[in-house]
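Down below is the structure, laid out as structure tokens.
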Amino acid sequence: MEFFEVVKSRHSIRAFSAKPIEAEKWRAILDAANHAPSAGNLQAYEVFEVRRRALLEALARAALDQEFIAQAPVALVFCAHPSRSAPRYGRRGISLYCIQDATIACAYAQLAATGLGLASVWVGAFDDNEVRKAIGIGQDLVPVAVLPIGYAAEKPEATRRRSISELVHTIE
Ligand SMILES: Cc1cc2nc3c(=O)[nH]c(=O)nc-3n(C[C@H](O)[C@H](O)[C@H](O)COP(=O)(O)O)c2cc1C
């Protein structure tokens, strides 16, 4: 799919079919995430791939019972890793760069999924510690986004956006 078509055809999907994701598509999604820029190229984040049904269920519980997470064949959990950024960037690395690194990687993965004909939804509403418990990580990592991915089992809802003129403030 052409880049701008990918951007425009990405919509949040909250119902997934049981159809598995082809291995080469999966690899391409992870590869896209790994190509995301990061502060100082430190890649101060970790990605957890969750496939086991019980763990997907636990993630759904951690995300305030958003059941569609458990329906997807797989979910990626993007976690900031502050201590990878701290030695070079100090407080800014801890409070900002590692979060941005994880966020950009997730955005790349999401767009890659769309480009490959797959569906996803960015999930940010969750209890951090419950997510940590579900995937077995400690306080050194900060869950930033959960991204269930699969084939869509619903038609996407068209969502509105602010106008460019309202959004963009031109400073002359
Ligand atoms: C930071 C962030 C957090 C979000 N959290 C959730 C969430 O917890 N559950 C959910 O269903 N959608 C969540 N979304 C998806 C948004 O609701 C969705 O992107 C928005 O309504 C625009 O719709 P679209 O993605 O179809 O363009 C989140 C999106 C972002 C960027």
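Only heavy atoms go into these numbers, but all of them, side chains included; no hydrogens, no water, no symmetry mates. Every number for a ligand or one of its atoms is a count from 1 in the order of the listing.
- Protein heavy atom at the shortest distance from atom 16 (C) of ligand 1 is Arg14 NH2, 3.9 Å.
- The closest donor-acceptor contact from the side chain of Gln66 to the backbone of Ala125 lies under 3.5 Å.
- Ligand-side atoms of ligand 1 in range of Gly124: 3 (C), 4 (C), 5 (N), 6 (C), 7 (C), 8 (O), range being under 4.0 angstrom from any heavy atom.
- Judged by distance alone, with hydrogens and angles left aside, the side-chain atoms of Lys25 form a donor-acceptor pair with the main-chain N or O of Leu116 at under 3.5 Å.
- In terms of modelled atom types and a separation under 3.5 Å, the side chain of Ser38 and the main chain of Gln43 share a donor-acceptor contact.
- With a 4.5 Å cut-off on side-chain heavy atoms, Ile13 and Pro156 count as touching.
- Residue Arg161 holds the heavy atom nearest to atom 22 (C) of ligand 1 of all those in Glu157, Gln66, Arg161.
- Put simply, part of Phe68 is less than 4.0 Å from ligand 1, judged by heavy atoms.
- Heavy-atom proximity to Thr159, at under 4.0 Å, picks out these atoms of ligand 1: 23 (O), 24 (P), 26 (O), 27 (O).
- The environment of CZ in Arg53 is crowded: more than 12 heavy-atom neighbours from other residues, nucleotides or ligands sit within 6.0 Å.
- Nearest protein heavy-atom neighbour of atom 20 (C) of ligand 1: Ser12 OG, 4.6 Å.
- Contact annotation: for Val121 versus ligand 1, heavy atoms closer than 4.0 Å belong to the side chain alone.
- Val142 is not connected to Val146 by any chain of hydrophobic side-chain contacts under 4.5 Å among Ile, Leu, Val, Met, Phe, Trp and Tyr, and they are in different clusters.
- In this structure, atom 3 (C) of ligand 1 is in close contact with the protein, since a protein heavy atom lies within 4.0 Å of it.
- Ranking protein heavy atoms by distance to atom 28 (C) of ligand 1, first place goes to Trp122 O, 3.1 Å.
- For the pair Arg14 (side chain) and Ile69 (backbone), a donor-acceptor distance under 3.5 Å is absent.
- Close approach to His11 involves these atoms of ligand 1, each under 4.0 Å from a residue heavy atom: 26 (O).
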